[in-house]
Amino acid sequence: MNALGNHILVEFSGCTPQIMNEVSTIEQGMVDAAIKAGATVINSTFHHFSPYGVSGVVVIQESHLAIHTWPEYGYAAVDLFTCGDIDAWVSFDYLKEVFQAKNYSAVEMRRGSLSLLDRMDFDLTTMREEAKGRRNPDFYTRNVWFTDKDDNQALSLRYTGEVFHDVQSPYQRVKILESYKYGKMLALDDMVMTTEKDEFHYHEMISHPAMFTHGNVKNVLVIGGGDGGTVRQILRHEGVEKVTMVEIDGEVIEACKKHLPNIAASFDDPKLELIVGDGIAFAANAKAESYDLILVDGSDPVGPAEGLFSVEFFNNCAKALKPGGILLTQGESPKFNEKAFAELHHTLADIFGKDHTYTSLFFVPTYPTGMWSFQWGVKGDANPKKITNDDEIEAFVEKQGLRYYNADVHRGSFATPGFVKDLLK
Ligand code: SPD
């Protein structure tokens with residue numbers, strides 16, 4: 001070859017969109033494509049973007065293979081840059097099959113034309129000696145990332161590439177992945193919902209503060225909450241007589257029962273009535289003044305959960321609450337979804353009255369920005385900021401082995417930073 005390297009710039013189109021969004025399939029395909037061409041793989045780094053798109057590089061001893069995908073266009077831009085005797089067309093042929101590309105084109109160019117370069121002599125001895133102590137291990141490390149993001153911010157979790165469950169339900173894409181730091185996690189439409197290791201932050205805070213504010217909850221309605229974590233916490237309270245849970249997507253329940261059994265641990269509880277159905281319609285038809293507590297444990301306001309942020313839905317929930325009842329809903333993040341956060345607060349303030357509307361903040365390390373909220377509407381005079389039952393709370397915390405909630409955290413969760421106060425004005 002009269003050049004240092006060979007660069008093939010490939011356009012794959014008409015590819016299967018699902019494959020273009022499958023980071024582990026793409027990574028494996030790229031690594032195998034390198035190996036099939038006779039290259040030595042040093043390292044691979046791949047990243048999945050939410051809701052779709054994958055970027056990654058396989059570094060080989062003979063240069064690199066790189067890819068960027070646009071699943072929504074069934075398109076992948078691939079670079080096959082090799083040097084030495086590697087025939088990257090072997091990689092090209094292989095990837096064409098893996099991606100099920102209907103159309104493809106490629107431009108090949110030589111890089112580093114030897115007729116234009118002069119070789120220079122230089123002494124490597126000292127550099128080699130210095131480098132001995134800092135050699136990288138000569139095996140390739142998988143580096144696959146899951147990203148939950150909007151246009152400007154993201155939260156990424158490194159995961160093993162292992163996808164235990166991946167089903168497109170009639171409502172959303174239901175995935176269970178294995179993250180390194182937080183264990184198995186549930187993602188809906190590529191947004192993190194819960195993980196084995198931090199689920200207690202969210203599930204303790206959606207349930208116990210309202211339970212201890214009310215003080216005598218017997219009949220609970222949970223809308224959403226398909227992973228089962230919320231009903232599990234509610235059912236820790238002995239005074240609860242009945243929990244009705246309405247989850248629209250049975251696929252979420254099944255996936256969590258199978259792969260997250262410690263969270264989905266209470267679906268067989270005799271106090272639970274589990275309804276796989278539309279929570280919005282359920283609230284519209286609910287008997288007036290029948291629940292002490294309504295918890296809305298939905299996902300973000302896109303896709304099937306959008307209606308869980310509407311005025312009509314909250315009006316129906318308010319009607320279904322008994323006097324003195326409490327509504328608490330997943331309130332989004334004041335740092336990530338400022339608009340949804342503020343609008344939700346104002347919707348509840350219009351329905352319940354400004355003085356009966358509260359916002360609690362808590363920390364979830366696996367949600368973008370980490371700062372998340374629950375928003376409250378109280379049908380009566382209970383004030384969650386003014387609890388007096390600390391002893392009862394601490395005894396419960398101790399007995400149940402809670403790890404996030406306690407009386408101090410209860411009060412502290414209502415402390416609002418200035419920028420949050422501004423959003424709530
Ligand atoms: N962006 C994440 C919002 C998630 C709300 N629901 C989580 C479900 C946990 N039961």
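Whatever order the structure lists them in is the order used to number ligands and atoms, beginning at 1.
Classified by interplanar angle (parallel below 30°, tilted 30° to 60°, perpendicular above 60°), the ring pair Y104/F92 is perpendicular. Ring geometry for H237 versus F396: interplanar angle under 30°, hence parallel rather than tilted (30 to 60°).
Exactly one residue among D190, D189, D249, D166 makes a salt bridge (Lys or Arg N to Asp or Glu O under 4.0 Å) with R173. That residue is D166.
Residue nearest to atom 6 (N) of ligand 1, selected from G228, A187, G298: G298 (by heavy-atom distance).
Taking only nitrogen or oxygen atoms, main chain and side chain alike, M193 does not reach within less than 3.5 Å of ligand 1. Close N/O approach between Q330 and ligand 1 is not found [any backbone or side-chain N/O within under 3.5 Å]. At a 3.5 angstrom cut-off on N or O pairs, D227 counts as close to ligand 1. Any N or O atom pair closer than 3.5 Å counts here, and E332 shares no such pair with ligand 1.
Heavy atoms of W372 come nearer than 4.0 angstrom to ligand 1 in at least one pair. At least one heavy atom of V192 lies less than 4.0 angstrom from ligand 1. Distances from ligand 1 to the non-hydrogen atoms of H203 include at least one value under 4.0 Å.
Atom-to-atom distance recorded for D269:CG and R236:CZ is 12.0 Å, nearest 0.5 angstrom.
For atom 3 (C) of ligand 1, the nearest non-hydrogen atom of the protein is D300 OD1, 3.5 Å. Protein heavy atom at the shortest distance from atom 7 (C) of ligand 1 is Y367 OH, 3.2 Å.
For the pair K335 and F419, the cation sits on the ring face: its NZ or CZ lies under 6.0 Å from the ring centre, inside 45° of the axis. Cation-pi geometry between K184 and F164 is met: the NZ or CZ atom falls under 6.0 Å from the ring centre, inside 45° of the normal.
Ionic pairing of K339 and E343 is present here: one or more N-O contacts between side-chain nitrogen and carboxylate oxygen are shorter than 4.0 angstrom.
The shortest heavy-atom contact between L155 and P365 is CD2-O, 3.8 Å.
Interface atoms of ligand 1 facing D297, defined by a heavy-atom separation under 4.0 Å, are 6 (N), 7 (C), 8 (C), 9 (C), 10 (N).
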